[in-house]
Structure formats: C-alpha cells, structure tokens
Asker: 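Quick one: the structure is below, and I'll ask about it shortly.
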Amino acid sequence: MRTPRTLPILFTAILALPVLAACGGNTSSRSDSDEVAVTATDTACKVAQTELKAGTIAFAVTNKGDKATEVYVYGEHDGAYDHVVSEVENIGPGTSRDMKVKLGGGTYEIACKPGQTGDGIRQKITVEGAKTHAETEEEAYDREVEVEAKEHQLEGLDTFTAKAGEKIEFKLENQGTTEHELEIFGPDGKEVGEVIPVKPGTTGEAVIALAKPGTYTYKCGIGDHAGKGMKGSFTVS
Ligand SMILES: [Cu+2]
C-alpha cells in the first residue's frame, strides 16, 4: 500500500464531521425537505438528483453562467411539460437562489433559461410517492367541496358541478371504519387527481384542476369499494 498510515485516519476524521453534525443538528427525516442543487450555466442545467421523494423539495439554484437566468419546474399536462409548477427569475451571474416547491409523485422537467428566454435547457426528474396534484406552497384554488366517505358511499358530489378551468379543493372526510380515497377521472377517462387514502376519523385533501368540460367520474379505488357503491359522476361545463 502506497498510502501513508496517517491518511486513513485523516479521512475518517473528515468523514465523521458531517455525520456528527447531521446527527446533532437534525434528527428528522431528510425527505421532509430535501435540498437539491441546480447548477445553471449558459449551456447546461445540471440537477444534482433526478430521482426524488414526494414532498417539499428545496432547489438550491446557482447561476455559473455569464447571463442572468431563470429556473422553472414544469409538470406534465397531456404529455407536454408546459404546466408551470414553480419558477424563480432574475438569477444574476454568480448568484444563488432557493426555490421551494411541493411535488407529488410523477415526472417533471426542470428548465434553466439562460438569458431568461425560450423553452430553456430541460432536465427530466422523477418523483416517487403519492400522486397528489403538483402544487406550490402558495397554490390557490377557486373553492372547496366536502366529500364524506363511509362504507360504502361517497357523499357530497351528487349536486356538484363546476366550470371548466376551475381549481377545486376536494376535502375527503372519512367517517367510516376503514381507509377510503377519492380518485377523479376526466371526460377522457384519465385520472386528473386524487385524495390519497385517508384513515378512519381523519380528513385528506387535494387541489384538482378541472380543465376540460364534460362528464367526470370519481370512485374510491380501494378494494371493491367502487363496486359496492363508492363511485359517481359530475358535470363540468
Ligand atoms: Cu373506500
């Protein structure tokens, strides 16, 4: 071995420091707020991690290019990544900015836009976890509707209607004795969003955009709950 004997000891000491700092400073799970470095240059958009866990993610953006840049997170909409989930603009050369965003399961694209123009340099990322509607922390909705779940009914949407383009917060209150959820499907039969399973006695919610007019259907996707009656439809005009 060519390595002097003191080196492994030095390495051990260096490696131990951040571990100790992490243990002492913060015992909570990393997934609560993962920090992901995004390095933007005039020709590249480097995202340190492209596979992430659902939740709040803090993108630490550094502009190492010569032009001012902006960074976007795009969600998928009808196969195209054109739905802006979050953005940060006017990042000058040599400066850094943070962009905190809450992401549900799915695929997204990070776009760096050197010169603050065009579609940007894109990097796809995959987020693993519950499929909630992608939302920034400040995301607004137009109104909310309450849905009550029990064995085996979903109540509250019988007379519900909406206008195309409305963003609705669906609040699912589980008054039953087992877990229930609420999946919503657009006129084309594709899922537009869901309230992930909620435990008995608790409430869950999701903001879901009802983009297109038509007949939407909903159901509880757990077991055969839909077959037992936990399903229905409503109209978006
Ligand atoms: Cu159910």
Side-chain angles (χ1 to χ4, degrees), residues 28-29 31-34 51-57 75-79 83 85 101-108 126-237:
S28 75
S29 156
S31 62
D32 286 342
S33 181
D34 275 346
E51 287 181 4
L52 304 166
K53 283 203 177 77
T56 301
I57 295 157
E76 195 206 326
H77 185 75
D78 287 343
H83 167 69
V85 178
V101 58
K102 199 171 162 188
L103 297 179
T107 55
Y108 300 85
T126 305
V127 177
E128 234 179 78
K131 257 193 283 168
T132 52
H133 189 73
E135 57 186 17
T136 64
E137 297 204 288
E138 305 88 32
E139 188 182 50
Y141 52 89
D142 298 304
R143 57 198 171 99
E144 66 167 42
V145 60
E146 287 179 7
V147 183
E148 289 167 8
K150 53 189 143 189
E151 292 76 33
H152 284 98
Q153 281 175 292
L154 285 166
E155 284 176 3
L157 293 174
D158 296 350
T159 59
F160 175 79
T161 56
K163 288 205 171 69
E166 271 195 295
K167 275 184 181 177
I168 307 291
E169 183 179 71
F170 289 86
K171 223 171 187 177
L172 183 66
E173 191 182 327
N174 189 350
Q175 298 181 346
T177 54
T178 61
E179 282 197 348
H180 295 294
E181 63 174 16
L182 178 67
E183 296 178 341
I184 297 181
F185 303 86
D188 57 1
K190 281 187 193 159
E191 187 178 303
V192 292
E194 70 175 324
V195 179
I196 59 172
V198 256
K199 290 193 163 62
T202 64
T203 300
E205 64 271 309
V207 175
I208 298 171
L210 307 174
K212 295 178 196 160
T215 302
Y216 285 64
T217 58
Y218 61 88
K219 68 172 185 183
C220 173
I222 296 173
D224 188 31
H225 295 188
K228 289 174 176 166
M230 300 189 78
K231 62 176 177 185
S233 64
F234 59 83
T235 304
V236 174
S237 55

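We count residues from 1, following the sequence as given. Counting starts at 1 for both ligands and their atoms, following the listed order.
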Asker: Looking at His180, pick out the N, O or S atom nearest to the Cu ion (ligand 1) and give its name.
Answerer: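 Among the N, O or S atoms of His180, the one closest to the Cu ion (ligand 1) is ND1.
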Asker: Work out which heavy atom in Leu154 is nearest to a heavy atom in Ala149; give both atom names and the distance.
Answerer: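 Looking at all heavy atoms of both residues, the shortest contact is CD2-CB, 3.9 Å.
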Asker: Is there a side-chain contact between Glu181 and Val195 in this structure, where contact means two heavy atoms from C-beta onward sitting under 4.5 Å apart?
Answerer: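 Of all side-chain heavy-atom pairs linking Val195 with Glu181, none is under 4.5 Å.
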Asker: How are the rings of Tyr218 and Phe234 set to each other: parallel, tilted or perpendicular (split at 30° and 60°)?
Answerer: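 Ring orientation of Tyr218 relative to Phe234: parallel.
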Asker: Walk me through whether Glu179 and Lys199 qualify under salt bridge (Lys or Arg N to Asp or Glu O under 4.0 Å).
Answerer: CA-CA 5 Å; Glu179 282 197 348; Lys199 290 193 163 62; 3.8 Å; yes
Asker: When you measure from the Cu ion (ligand 1) to each N, O or S atom of His225, which atom gives the shortest distance?
Answerer: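 Of all N, O or S atoms in His225, the Cu ion (ligand 1) lies closest to ND1.
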Asker: Flag Cys220 as yes if one of its N/O/S atoms falls below 2.8 Å of the Cu ion (ligand 1), otherwise no.
Answerer: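 Short answer: yes, at least one N, O or S atom is under the cut-off.
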